[in-house]
Participant: 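So that we are looking at the same thing, I have put the structure below in structure tokens.
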Amino acid sequence: MKAKIEDSLREIICNLYSKNISNINDISLNLQENKEKAHGDLASNIAMVLAKPLGKSPIEIAKQIIDQYEIDKEIINVEIAGPGFINFFLSKDSISEVLREIDQKKQHFGKKVSCEQKVLIEYVSSNPTGPLHVGHGRGAAFGSVLSDLLREAGYEVDEEYYVNDFGRQIDILALSLWVRYAQFYDKNIQMFSDGYQGEYLIEIAENLKRNNADAFFIKDEDIHSLFNSDNDKGENFVDSLVEKIKVKLGKDYSQIKEFAVQEILKLIKSDLTEFGVNHNSWFSESSLYAEDRNSEFRVKKSIEELKAGGFVYEKDNAIWFKSSKFNDDKDRVLKRGSGDFTYFASDVAYHIDKYERGYEKILNIWGSDHHGYLPRVKAALEACNKDRDKLEVVFVQFASLVRSGKKVSMSTRSGEFISIKELMDEVTPNAARFFYINRKADQHLEFDLDLAKEQSKDNPLYYIQYAHARICSVFRKSKIDEDSLSEADLNLLDSERETEIIKSLGQYPKIIERAANSYEPHLICYFLRELSASFHGYYNNEKFLIEDEDLMKSRLFLLKGIKQVIQNGLRVLGQRAPKEM
RNA sequence: GCCCCGUUAGCUCAGUCGGAUAGAGCGCUGGAUUCCUAAUCCAGAGGCCAUAGGUUCAAAUCCUGUACGGGGCACCA
């Protein structure tokens with residue numbers, strides 16, 4: 001309908017003004033839905049836009065346009081209003097047309113046909129040094145819902161988790177695990193200050209002991225004494241500690257390290273699964289360091305590539321990338337003086353790999369504390385002749401928890417973060433997912449635990465689901481075959497409320513499209529909430545199971561449409577649409 | 001100091017990529033249930049859209065400055 005009006009408008013404008021305005025086809029008609037019903041159903045601002053170039057008043061132009069406009073069965077009236085808007089009034093039939101469309105397309109209403117474009121979404125990617133906490137939850141929920149949303153919008157989506165199983169943090173993890181393990185044999189050994197203090201490592205150490213008995217225990221008083229020192233702080237201390245243990249344990253060390261990473265990944269995966277988050281790809285950072293026959297590995301190769309472009313130099317014993325050539329604030333180190341590669345070096349190789357896998361779109365979901373990191377990654381991609389705009393990053397702000405109106409205090413340092421597992425035990429995974437995405441990603445989020453648990457209209461998820469359950473209940477009571485409703489006379493749906501709801505249903509596909517294009521799944525939450533509110537109002541004001549069978553059928557047909565759209569929307573959000581509550 | 005993001009009702013937040021009288025929920029005030037789920041609904045009060053300029057037919061929306069808040073500026077990840 002909209003397209004039809006646009007076409008005729010454009011034709012009229014071309015006929016009238018093409019000799020006055022050269023690039024008339026470039027002018028946007030900006031046909032939009034009206035919120036005020038007195039203004040009709042659709043409006044165009046074209047007369048006002050043309051006023052300046054034509055040197056005429058908008059009203060005059062609007063008059064010329066509507067003189068040419070042909071009224072028909074579908075567009076029953078055209079008016080000029082306000083400063084020069086052209087308002088279009090549609091017939092009831094063409095408004096309620098959408099109900100038939102929903103009836104036909106069912107769960108596919110709002111879904112776009114495949115555009116055959118592949119997208120990679122990388123998200124969570126939390127270090128495998130401990131279980132996920134609530135800080136990771138938002139990125140997890142967001143990435144997961146966005147993936148489904150993009151699928152709904154026609155994309156083919158891969159969801160990837162980048163596993164940082166390489167580098168210093170992992171050594172510290174391995175060392176921490178060894179300490180917990182050694183404590184079974186010598187109670188005097190203490191965890192060093194910078195070690196991972198969390199209790200999960202004790203459990204993992206138990207598993208390690210169960211599998212290997214005391215095979216990894218070192219009977220060496222000198223080593224033991226290292227873990228009793230009071231001044232055990234600082235990077236140097238830890239690094240030398242790692243070195244000593246590495247030497248002592250020999251090849252056992254890498255076994256312990258792998259065991260630690262694998263066990264923690266198990267924890268992470270099980271949490272994600274419970275949370276409804278399913279990555280189909282796990283990319284290991286250490287694979288970027290795996291040497292081939294020629295002792296080549298991908299990090300090395302990507303640095304060679306940068307070097308070939310002349311963007312690499314040596315300074316103070318370290319190897320640097322000239323990222324400042326490409327819009328970064330300063331140059332960045334790829335390989336430290338110590339001989340270790342930086343995390344950034346891995347990331348260059350990793351992103352090159354993403355590009356080489358042939359995606360049309362590459363999306364990263366990052367915590368907003370990483371925003372300063374993006375320019376250097378883009379710089380590296382540009383230096384390697386990759387299209388830097390293909391990579392897009394959505395930054396997700398922090399979430400704080402609120403309980404009984406007060407912020408729950410958390411600090412990374414003391415490890416007092418509430419785990420995602422605890423959150424799910426308290427508010428259910430689905431509620432958590434919904435509340436995480438019920439805000440724009442770049443906004444701070446206050447996650448109200450009490451609200452998420454509440455079973456009332458204050459809880460938007462509950463409110464939406466209740467609308468669905470109520471409709472199902474009406475159908476149960478009616479004992480009517482839903483398929484028989486297709487013959488309903490939609491002209492009987494002529495109240496203001498009904499028209500409003502029908503129009504709102506018609507907006508759904510556009511909401512999906514817009515939410516997908518701008519990576520804003522929260523739009524769906526708000527849409528569903530409003531739709532549910534309209535329904536609840538309708539429900540309280542009209543009866544559906546009535547004597548007048550024709551009217552009953554047409555109302556039920558409308559309810560059926562609402563039910564379908566709520567179902568579709570909730571499905572995209574990864575939520576259930578319960579039949580009863 | 002430099003760079004990102006934000007600032008809308010007492011609180012938590014939307015706001016159709018510039019449109020007509022700025023919207024929800026909570027909270028507050030007052031109502032609705034012999035009836036399809038009151039797990040709901042209806043009505044009322046509540047606004048200098050942080051601030052000062054600019055762009056234009058039109059600005060909460062775009063541009064610039066200022067104030068305030070959050071984050072980032074490592075041979076950490």
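In what follows, chains are A, B, ... by sequence order, proteins preceding strands, each numbered from 1.
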Participant: Measure from the side chain of A:H536, starting at C-beta and using heavy atoms only, and say which of B:C36, B:U40, B:C73 lies closest.
Facilitator: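 The answer is B:U40.
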
Participant: Using a 4.0 Å heavy-atom cut-off across all strands, classify A:G537 as base, sugar-phosphate, or nothing.
Facilitator: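 Here A:G537 touches the backbone only, sparing every base.
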
Participant: So A:A81, base contact, sugar-phosphate only, or nothing? Heavy-atom distance under 4.0 Å.
Facilitator: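 If one applies the 4.0 Å heavy-atom cut-off, A:A81 turns out to touch a base.
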
Participant: Charged N to carboxylate O below 4.0 Å: is that the case for A:D239 and A:R168?
Facilitator: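 Judged by the 4.0 Å cut-off on N to carboxylate O distance, A:D239 and A:R168 do form a salt bridge.
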
Participant: Taking the six-membered ring for Trp, are A:F311 and A:F321 parallel (under 30°), tilted (30 to 60°) or perpendicular (over 60°)?
Facilitator: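 A:F311 vs A:F321 ring planes: perpendicular.
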
Participant: Between B:U37, B:G19, B:A20, which nucleotide gets closest to the side-chain atoms of A:Y539?
Facilitator: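 Nucleotide nearest to A:Y539's side chain: B:U37.
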
Participant: Check every strand shown and say whether A:N317 touches a base, only sugar-phosphate, or nothing at a heavy-atom separation below 4.0 Å.
Facilitator: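 Since no nucleic acid heavy atom lies under 4.0 Å of A:N317, the category is nothing.
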
Participant: Look at all strands and tell whether A:A51 reaches a base, only sugar-phosphate, or nothing, counting heavy atoms closer than 4.0 Å.
Facilitator: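 Nothing, no nucleic acid heavy atom in range.
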
Participant: In B/S/- notation, 5' to 3', how is nucleotides 22-34 of chain B contacted by protein heavy atoms closer than 4.0 Å?
Facilitator: --SSS--------

Participant: For A:K543, which contact category applies under a 4.0 Å heavy-atom criterion: base, sugar-phosphate, or nothing?
Facilitator: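 Base contact.
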
Participant: Any donor-acceptor pair under 3.5 Å between the side chain of A:N45 and the base of B:G19?
Facilitator: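 Side chain to base: pair present.
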
Participant: Just to verify, what does A:F395 make a ring-ring contact (aromatic ring centres under 6.0 Å, His included) with, not counting sequence neighbours?
Facilitator: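 For A:F395 there are no ring-ring contact (aromatic ring centres under 6.0 Å, His included) partners, ignoring immediate neighbours.
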
Participant: When the C1' atoms of B:C17 and B:A59 are considered, how many whole Å apart are they?
Facilitator: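 14 Å, rounded to whole Å.
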
Participant: Specify the closest pair of heavy atoms between A:T129 and A:Q169, including all atoms of both residues, with the distance to one decimal.
Facilitator: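 Distance-wise, the nearest heavy atoms are CG2-O, 4.1 Å.
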
Participant: Between B:G65 and B:C13, how far is it from one C1' atom to the other, in whole Å?
Facilitator: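 My reading of the C1' atoms in B:G65 and B:C13 gives 28 Å.
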
Participant: Taking any heavy-atom pair under 4.0 Å as a contact, classify A:N459: base, sugar-phosphate, or nothing.
Facilitator: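 Here A:N459 touches no strand at all.
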
Participant: Rounded to the nearest angstrom, tell me the gap between atom NZ in A:K503 and atom C1' in B:U16.
Facilitator: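 In whole Å, B:U16 C1' lies 14 Å from A:K503 NZ.
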
Participant: Who are the ring-ring contact (aromatic ring centres under 6.0 Å, His included) partners of A:Y17, not counting sequence neighbours?
Facilitator: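 Scan of A:Y17 (ring-ring contact (aromatic ring centres under 6.0 Å, His included), adjacent residues dropped) gives none.
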
Participant: For the side chain of A:K330, counting heavy atoms from C-beta on, which of B:A74, B:A39, B:U37 is nearest?
Facilitator: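 It is B:A74.
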
Participant: Counting the atoms with a prime plus P, OP1 and OP2 as sugar-phosphate, which does A:E314 contact under 4.0 Å by heavy atoms, base, sugar-phosphate, or nothing?
Facilitator: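 Counting heavy atoms under 4.0 Å across all strands, no contact is made by A:E314.
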
Participant: Can you tell which of B:A77, B:U16, B:G19 lies closest to the side chain of A:M48?
Facilitator: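 In terms of side-chain proximity for A:M48, the closest of B:A77, B:U16, B:G19 is B:G19.
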
Participant: Answer yes or no: does atom CZ of A:R476 have more than 12 heavy-atom neighbours from other residues, nucleotides or ligands under 6.0 Å?
Facilitator: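 It does: A:R476 CZ has more than 12 such atoms within range.
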
Participant: With a 3.5 Å cut-off and sequence neighbours excluded, list the donor-acceptor pairs that the side chains of residues 41-54 of chain A form with protein atoms.
Facilitator:
from, atom 1, to, atom 2, distance (Å)
A:D41, OD1, A:K503, NZ, 2.6
A:D41, OD2, A:L90, N, 2.6
A:S44, OG, A:L29, O, 3.0
A:S44, OG, A:I46, N, 3.1

Participant: State whether A:E498 and A:R555 are salt-bridged, where the test is any N-O pair (Lys NZ or Arg NE/NH1/NH2 against Asp/Glu carboxylate O) under 4.0 Å.
Facilitator: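 Salt bridge: yes.
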
Participant: In plain terms, say whether A:K361 and A:E392 are close enough for a salt bridge, that is, a side-chain N and a carboxylate O under 4.0 Å apart.
Facilitator: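 Yes, this pair counts.
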
Participant: Determine, step by step, whether A:E446 and A:S400 satisfy the side chain to side chain donor-acceptor pair (under 3.5 Å) criterion, reporting the C-alpha distance in whole Å, the side-chain angles of both residues, the deciding distance to 0.1 Å, and the verdict.
Facilitator: CA-CA 5 Å; A:E446 283 196 11; A:S400 47; 5.0 Å; no

Participant: Take atom C1' in B:U12 and the same atom in B:G54, then report the distance between them in whole Å.
Facilitator: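 Roughly 33 Å separates the two C1' atoms.
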
Participant: Look at the aromatic rings of A:H522 and A:Y526 and report parallel, tilted or perpendicular, splitting at 30° and 60°.
Facilitator: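 Taking A:Y526 first and then A:H522, their aromatic rings stand perpendicular (interplane angle over 60°).
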
Participant: Identify, between A:V333 and A:Q507, the residue whose nearest nucleotide on RNA chain B lies closer to the 5' end.
Facilitator: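 Looking at RNA chain B, the more 5' nearest nucleotide goes with A:Q507.
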
Participant: Counting only heavy atoms and a strict 4.0 angstrom limit, can you tell me which residues of residues 56-63 of chain A come near RNA chain B?
Facilitator: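 Heavy-atom cutoff 4.0 Å gives no residues at all.
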
Participant: Scan A:Q575, A:K563, A:Q567, A:E580 and name whichever one has a side-chain hydrogen bond (donor to acceptor under 3.5 Å, both in side chains) with A:H468.
Facilitator: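 Exactly one candidate clears the test, A:Q567.
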
Participant: Report the residues that fulfil side chain to side chain donor-acceptor pair (under 3.5 Å) with A:R138, sequence neighbours left out, ordered by chain and then residue number.
Facilitator: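 Not a single residue meets the side chain to side chain donor-acceptor pair (under 3.5 Å) criterion with A:R138.
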
Participant: Does the ring of A:H522 lie flat against the base of B:A14, closer than 5.5 Å centre to centre with planes under 30°?
Facilitator: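 Taking the rule of under 5.5 Å and under 30°, the ring of A:H522 does not stack on B:A14.
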
Participant: Using a cut-off of strictly less than 4.0 Å between a heavy atom of the residue and any atom of RNA chain B, enumerate the qualifying residues of residues 461-473 of chain A by number.
Facilitator: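 When residues 461-473 of chain A is checked for heavy atoms under 4.0 Å from RNA chain B, the hits, listed by number, are A:Y462, A:Y463, A:Y466, A:A469, A:R470, A:S473.
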
Participant: Not counting sequence neighbours, which residues clear ring-ring contact (aromatic ring centres under 6.0 Å, His included) with A:F435? List them please.
Facilitator: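 For A:F435 the ring-ring contact (aromatic ring centres under 6.0 Å, His included) partners, ignoring immediate neighbours, are A:F447.
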
Participant: Can you work out whether A:N30 or A:F475 has the more 5'-proximal nearest nucleotide on RNA chain B?
Facilitator: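 The residue whose closest nucleotide sits nearer the 5' end is A:N30.
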
Participant: So for A:N87 and B:A20, does any side-chain atom that can act as donor or acceptor lie under 3.5 Å from a complementary atom in the base?
Facilitator: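 Flag set: donor-acceptor pair detected.
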
Participant: Is the count of non-hydrogen atoms from other residues, nucleotides or ligands lying under 6.0 Å from A:K300 atom NZ greater than 12?
Facilitator: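 Atom NZ in A:K300 is crowded, with more than 12 foreign heavy atoms closer than 6.0 Å.
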
Participant: Please list, in numerical order, the residues of residues 438-453 of chain A that have a heavy atom closer than 4.0 Å to any atom of RNA chain B.
Facilitator: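 Contacts with RNA chain B under 4.0 Å: A:R439, A:K440, A:D442, A:Q443, A:H444, A:E446.
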
Participant: In whole angstrom, give me the gap between the P atoms of B:A67 and B:A22.
Facilitator: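 The answer is 31 Å between these two P atoms.
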
Participant: When you get a sec, tell me which of B:G15, B:C36, B:G19 is the closest nucleotide to the side chain of A:P83?
Facilitator: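 Selected nucleotide (nearest to the side chain): B:G19.
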
Participant: Within the 4.0 Å heavy-atom criterion, would you say A:Q32 contacts the bases, only the backbone, or no part of the nucleic acid?
Facilitator: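 Since only primed, P, OP1 and OP2 atoms lie under 4.0 Å of A:Q32, the category is sugar-phosphate.
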
Participant: Between A:Q455 and A:Y462, is a side chain to side chain donor-acceptor pair (under 3.5 Å) present by the stated rule, with each step listed?
Facilitator: CA-CA 6 Å; A:Q455 307 198 347; A:Y462 228 88; 2.9 Å; yes

Participant: Please map the stems of RNA chain B, keeping only stretches of three or more Watson-Crick or G-U wobble pairs with both distances under 3.5 angstrom.
Facilitator: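 Consecutive-pair runs (3 or more) involving RNA chain B: B:1-7 with B:67-73, B:10-13 with B:23-26, B:28-32 with B:40-44, B:50-54 with B:62-66.
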
Participant: Can you sort out the partners of A:Y196 under ring-ring contact (aromatic ring centres under 6.0 Å, His included), two or more places apart, ordered by chain and number?
Facilitator: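 Here no residue qualifies.
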
Participant: Can you tell me how far P of B:C2 sits from CG of A:N327, to the nearest Å?
Facilitator: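 About 18 Å, once rounded to whole Å.
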
Participant: Can you tell me which nucleotide in B:G71, B:A77, B:G19 comes closest to the side chain of A:N127?
Facilitator: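 Shortest atom-to-atom distance from the side chain points to B:A77.
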
Participant: Which nucleotide, B:G71, B:A20, B:U37, lies nearest any side-chain atom of A:R476?
Facilitator: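 Between B:G71, B:A20, B:U37, the one nearest the side chain of A:R476 would be B:U37.
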
Participant: Report, one line per pair, each donor and acceptor closer than 3.5 Å where one atom sits in a side chain of residues 56-63 of chain A; sequence neighbours left out.
Facilitator:
from, atom 1, to, atom 2, distance (Å)
A:S57, OG, A:E60, N, 3.2

